[in-house]
Amino acid sequence: MRNEELLALDRAHVWHPYGPMPGRTDPLVVASASGVRLRLAEPAHGQAELIDGMSSWWSAIHGYNHPVLNEAARGQLDRMSHVMFGGLTHEPAVRLATRLVEITPEPLQHVFLSDSGSVAVEVAIKMCLQHWRSVGRPAKRRLLTWRGGYHGDTWQPMAVCDPEGGMHELWSGALPKHFFADPPPVTYEESYAEHLRELIGRHADELAAVIVEPVVQGAGGMRFHSPEYLRVLREACDAHDVLLVFDEIATGFGRTGTLFAADQAGVSPDVMCVGKALTGGYLSMAATLCTSRVAEGISRGEVPVLAHGPTFMGNPLASAVACASIDLLLSQDWAVEVKRIEAGLRTGLAAATEVPGVRDVRVLGAIGVVQLDHEIDMAAATEAAVRAGVWLRPFRDLIYTMPPFVTGDEDVARICAAVVAAAAAA
Ligand SMILES: *Cc1c(COP(=O)(O)O)cnc(C)c1O
């Protein structure tokens, strides 16, 4: 297909994330991707290839077209790409679930495989509500979170996203009402810990669970907070009979410098969601893990099953690639690579502090964020990054990067230069 034809059809028929219909700006057409580079169907602003500073939204941690992941997919394709999971099982899913139990905090023992992060959060919430129903406390069906979060775009996750960024206004009256704490401060403050304890204590009779993104709030604002607050949540939840859910969909698999962000606090949740980097960015898959206590609670109820079962649950192709991606990650010194990228981001993004309109520059693990004091001019920021040979996708007042872990030092430097250029243009 010629590029103009493709773009005309795209504009006329294809929705893009958070996009209007018909589309108003032309997306770039990607023909192929390899390593950390996206190859464009036609050069844009003089660039035939772009370094991917986004890891396709946190997921492509090993880069594209990776021989090990390709081989895992091909091998599984020759056996079967999918069979239903009701009444049947298979080695890729069993292997993956077992692997996830091994690498996540010890009390997490049971795994529900689903197709996307939002569904994994739906399942997590359903687990918590059903647990309390089953053990005879049906009034415990509300959730508490802190502001600034993001948990996905389907109904229940949307209800625990930041009320301002999450389009709550638009859906007020339609969304379930939950409790919101203030956004977590960057550093530990006893008064904020007290605020969390007070809210959890006050609403305990109605609270099924507290759900948060540990250490890094992603699409809700790219904010970091002290891991100490996770310990505060764990203690308060234990004291008041409330379950604790960690959404590690963005932070899981090494991104923040530890395998899971919760490892930074040594805290273990009752329920945990993973997704995004689970398959190394190859296929859509997510997982919800829970403790035996939660699972046993559910099985004691009048409906002793978890009433959820996606068509593509446990998809063998995605499971096989996920196993290969986890093995690939753990077979190397990934923490050293993340530290190396962290150091590169700190050095390279320092220049952004000098750019007029920049309010904050922050780095944690393989995540770099430049926050402006104004809403970004998307077109100008994107063009500046592309001219610098890098793919970035800023939002609101944020220009950020989370490069694949295989990004070399020179490419990290180029990404940083592009972020700085985008900040200057935005
Ligand atoms: C991306 C994300 C989700 C939603 O995952 P999808 O696969 O896009 O449905 C949920 N929670 C967090 C923290 C995320 O970053």
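We count ligands from 1, going down the list as the structure has it; atoms in each ligand are counted the same way. FYI, the numbering just counts along the sequence from 1. Fair warning: this is a prediction, and the values are worked out from it, not measured in the lab.
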pair Tyr229-Glu189: side-chain heavy atoms closer than 4.5 Å
yes
Ligand 1 to Lys276 polar contact by distance, N or O atoms, under 3.5 Å:
yes
On the 0 to 90° scale, with breaks at 30° and 60°, tag the His308-Phe112 ring pair as parallel, tilted or perpendicular.
perpendicular
Hey, is Tyr150 touching ligand 1 through its side chain, its backbone, both or neither, going by heavy atoms under 4.0 Å?
both
For Glu213, counting its heavy atoms only, list the atoms of ligand 1 lying under 4.0 Å from any of them.
13 (C)
Element-labelled atoms of ligand 1 that are located less than 4.0 Å from some non-hydrogen atom of His151:
10 (C), 11 (N)
Heteroatom proximity flag, Ser118 to ligand 1, N/O under 3.5 Å:
yes
Six-ring centre of Phe179, Arg142 cation under 6.0 angstrom, axis tolerance 45°:
yes
Nearest-neighbour protein heavy atom for atom 7 (O) of ligand 1, which is reported as residue plus atom name and distance:
Gly117 N, 2.8 Å
Is the His90-Phe85 ring centre distance short of 6.0 angstrom?
yes
Could you tell me whether the side chain of Lys126 and the main chain of Ala307 form a donor-acceptor pair under 3.5 Å?
yes
Classify the ring geometry between Trp146 and Tyr192 as parallel (under 30°), tilted (30 to 60°) or perpendicular (over 60°).
tilted
Identify the closest protein heavy atom to atom 12 (C) of ligand 1: which residue and atom is it, and at what distance?
Asp247 OD2, 3.4 Å
Which of the ligand 1 atoms, numbered from 1, are nearer than 4.0 Å to a heavy atom of Gly152:
4 (C), 10 (C)
